[in-house]
4 protein chains.
Amino acid sequence: MTKRSRGRPRDESVDTAVVEAAVAEIAEKGLTAATMEAIAARAGVGRATLYRRWPNKSALLYFCADQLAEVIQPADTGDLRKDLLTVFEPLAELSYGDGPLALLAPTFIAAAAHDEQMRAFVADNVLSRRSGAVVALRRARRRGELRQGVNVNLTVDMIAGALSDRAYLLGKPVTSAYVRSVIDQVIAGIVTERGS
Amino acid sequence: MTKRSRGRPRDESVDTAVVEAAVAEIAEKGLTAATMEAIAARAGVGRATLYRRWPNKSALLYFCADQLAEVIQPADTGDLRKDLLTVFEPLAELSYGDGPLALLAPTFIAAAAHDEQMRAFVADNVLSRRSGAVVALRRARRRGELRQGVNVNLTVDMIAGALSDRAYLLGKPVTSAYVRSVIDQVIAGIVTERGS
Amino acid sequence: MTKRSRGRPRDESVDTAVVEAAVAEIAEKGLTAATMEAIAARAGVGRATLYRRWPNKSALLYFCADQLAEVIQPADTGDLRKDLLTVFEPLAELSYGDGPLALLAPTFIAAAAHDEQMRAFVADNVLSRRSGAVVALRRARRRGELRQGVNVNLTVDMIAGALSDRAYLLGKPVTSAYVRSVIDQVIAGIVTERGS
Amino acid sequence: MTKRSRGRPRDESVDTAVVEAAVAEIAEKGLTAATMEAIAARAGVGRATLYRRWPNKSALLYFCADQLAEVIQPADTGDLRKDLLTVFEPLAELSYGDGPLALLAPTFIAAAAHDEQMRAFVADNVLSRRSGAVVALRRARRRGELRQGVNVNLTVDMIAGALSDRAYLLGKPVTSAYVRSVIDQVIAGIVTERGS
DNA sequence: CGTTAACCGAGACGGTACGTCGTGTCTTCAC
DNA sequence: GTGAAGACACGACGTACCGTCTCGGTTAACG
């Protein structure tokens, strides 16, 4: 039984509104220019309410990241290409598209550069998103579809790297077509002649 | 011939000292925590001198980026693997290692997310660094070493992406060994049977 | 009934502390050398608090002047000499002695020279302080104690002028003895033979 | 014989121009707001020239005061009223009128409050201007024109005080008529019945 | 009559105060 | 007890002034 405290219960809708507001502000103006004041105003909330729920701006940032993180469940279709698409197409949509996470990611990257905790958080998150791809590739290897000497982790790094690079460094949209072309080229390089 | 202006000439050594100080401060503490005051002090310079040369912190950031940018000249060895190594090993050292640019890169990425000018700047810089690899691959294709259907740009994206991903998202060091293993795996996937 | 505003009420003790600190700083170092920072520190207050209450240094100066202004109430003793002493001895103590107003007065005089508002403020203040003397002299005239042709305002100007001159121009202390000697000489000059 | 240095001699006209400019700036905007830059510009001179001749703003201020100071020579007419007028009318014109000294005086008063040297300077100057009046009164006493018990210095204090008070504290013009009315009232109070 | 030393202007430089604004803490009123 | 409002201490930002300095260019006396 959850301990029910005495007074007025917290408005649960506030969390959602704040995260949404925070992400929007940060995406538009950057972390520094995104004022707690502005976030509160955009969420239709007082500044004190923010500080009652999160001790500081960083904590709010972490919370936003947590809220936005969703685990991508890979299907086991028996077909490597399909499996990889199942992993990377939603990931592209989520992390490199127009979604809230995509907008925050650059901020996280910058924060990770001089914040140990953020570094761990980002790495953890990134790895868990890609884990499906690793599983899919291992299944393919077990089915004997992979060439000799193919490094599974490296392969995933290259696919994901091409996508994140395009999004964060080149600033170009990561379309579904681009994801497919990356995966196709990778598969062409790693599967045996018989495969496909 | 540059017209010599009347008053006391600017101390050219200041630029260097300031860039060095700024990079160090930003790398250590992050963009926000890197105070103009601290940068000035570290460079042995008055705060006013900073503002005389750069109108604000952002302008200084741009200038630092400009100063740090160096073009990597690829050698034409006739061997694809060697050519790629010649491009990506220094790039890894420069952009993903311990060098000043590597320390600033995450800051630039975050800035690019909400600043059109910075976005263009980063993309431009990134592309020019990799251009050597594109050239090397095209030479290899002309020599008939590449499999049919290999997309050169995509291939470069994957190599560079794997490296930047490892550095910025996973926070792991981009060693020379890692660079080699990526390139080897890529080559294994794209060259014809006869090649190698 | 004053409407109580919503947020945290202003700490009323701050005004007092700040005025005291400001006066002390200005008296010691002069208006320019009296830093807002130093005033805030001396008052045990943040610099922002100063700017929340007064838009700038000048406004604070005005406020100090207002706080320091006190009306001197002349007693009606029926004796001109006593009445004048009742007005000018406290005034000397207040405006030309060691009191806070005395220390600020030169600053106000300088400000008045190029600031219409300050000029009006100073003149107003000065006149109101002396008004008691004017009243006392008029009472004396009504009692028939004054010589023919004595100009009351001029007489007050001369008494007060002698005091302020001594304090501000000569930098000598305006002692009680000096006040008495001035008043005595004036009375000797303006009262009828029968008077006294 | 003045040591004549080798190089280009100083432009003597600069001193005059600078003093004029400095007085104008200070009178218009006050000591603080009167920038060295602005003074230099107004004098049609470089900022460095100012600092070559005066080590700092205060020194320039002193110099201005020195330049402006002129000794008032009292005539010995044998008539007290005429003598006093000869002293105080030019003094009123000079110190309390529209002249340059009148414009600087408030600034000096403020500076004297926390600057020992300036205090001495002002007192000295003030006393020397009035010395003529003291002499005239003493002559009158020797002629037996003064009532018993009249304090000469106090009398001068009152006359001068009334004038300076009117100018600096009340901000009203010190007209020739006002000077005369003050002197007349004083004389009426201090001379013997036979006198006049 | 050419040297030469000091002048003059312009403007960079290290410092420091100003006034603005954001952070995180707090205190008060209303619900 | 929660939420809104806003005061508070702290500290960074960007501007402006001070007094120092280092330039290029000028000018008059000396040699």
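- Counting heavy atoms from C-beta outward, B:I39 and B:L60 have side chains that approach closer than 4.5 Å.
- Atom CG in A:L60 sits about 10 Å away from atom P in E:dG24, given to the nearest Å.
- Picking from F:dG3, E:dC13, E:dC8 the nucleotide with the shortest atom distance to the side chain of D:T49 gives E:dC8.
- When the C1' atom of E:dC21 is taken as reference, atom CG of C:L50 falls 16 Å away, rounded to whole Å.
- Screening residues 5-58 of chain C for ring pair (Phe, Tyr, Trp, His ring centres under 6.0 Å), with sequence neighbours left out, gives C:W54-C:F63.
- Residues A:I26 and A:L61 have side chains in contact (heavy-atom distance under 4.5 Å, counting atoms from C-beta outward).
- The side-chain hydrogen bond (donor to acceptor under 3.5 Å, both in side chains) analysis of residues 55-66 of chain D, with sequence neighbours excluded, yields the pairs D:Y62-D:D115.
- Listed nucleotides F:dG3, E:dG14, F:dA28 differ in distance to B:V45; the shortest reach to its side chain belongs to E:dG14.
- Between the NZ atom of B:K29 and the C1' atom of F:dG11 there is a distance of 13 Å, rounded to whole Å.
- Side-chain atoms of B:R6 and base atoms of F:dC23 include no donor and acceptor less than 3.5 Å apart.
- Atom CG in C:D11 sits roughly 18 Å away from atom P in F:dG6 (whole-Å rounding).
- At a cut-off of 3.5 angstrom, counting only N and O atoms as typed in the model, there is a donor on one side and an acceptor on the other between the side-chain of C:R8 and the base of E:dC26.
- Atom-to-atom, CD of D:E12 to P of F:dT27 comes out at 17 Å; the value is rounded to the nearest Å.
- For the pair B:V19/B:L68, a side-chain contact is recorded, criterion being any heavy-atom separation below 4.5 Å from C-beta on.
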Report summary line: Each nucleotide of nucleotides 13-19 of chain F classed B (base within 4.0 Å of a protein heavy atom), S (only sugar-phosphate) or -, in 5' to 3' order, makes SBB-SSB
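- Atoms CG (A:L61) and P (E:dT23) sit 13 Å apart, rounded to a whole Å.
- Considering C:R52, C:R10, C:R53 as possible partners of C:D15, the one that fulfils the salt bridge (charged side-chain N to carboxylate O under 4.0 Å, His left out) test is C:R53.
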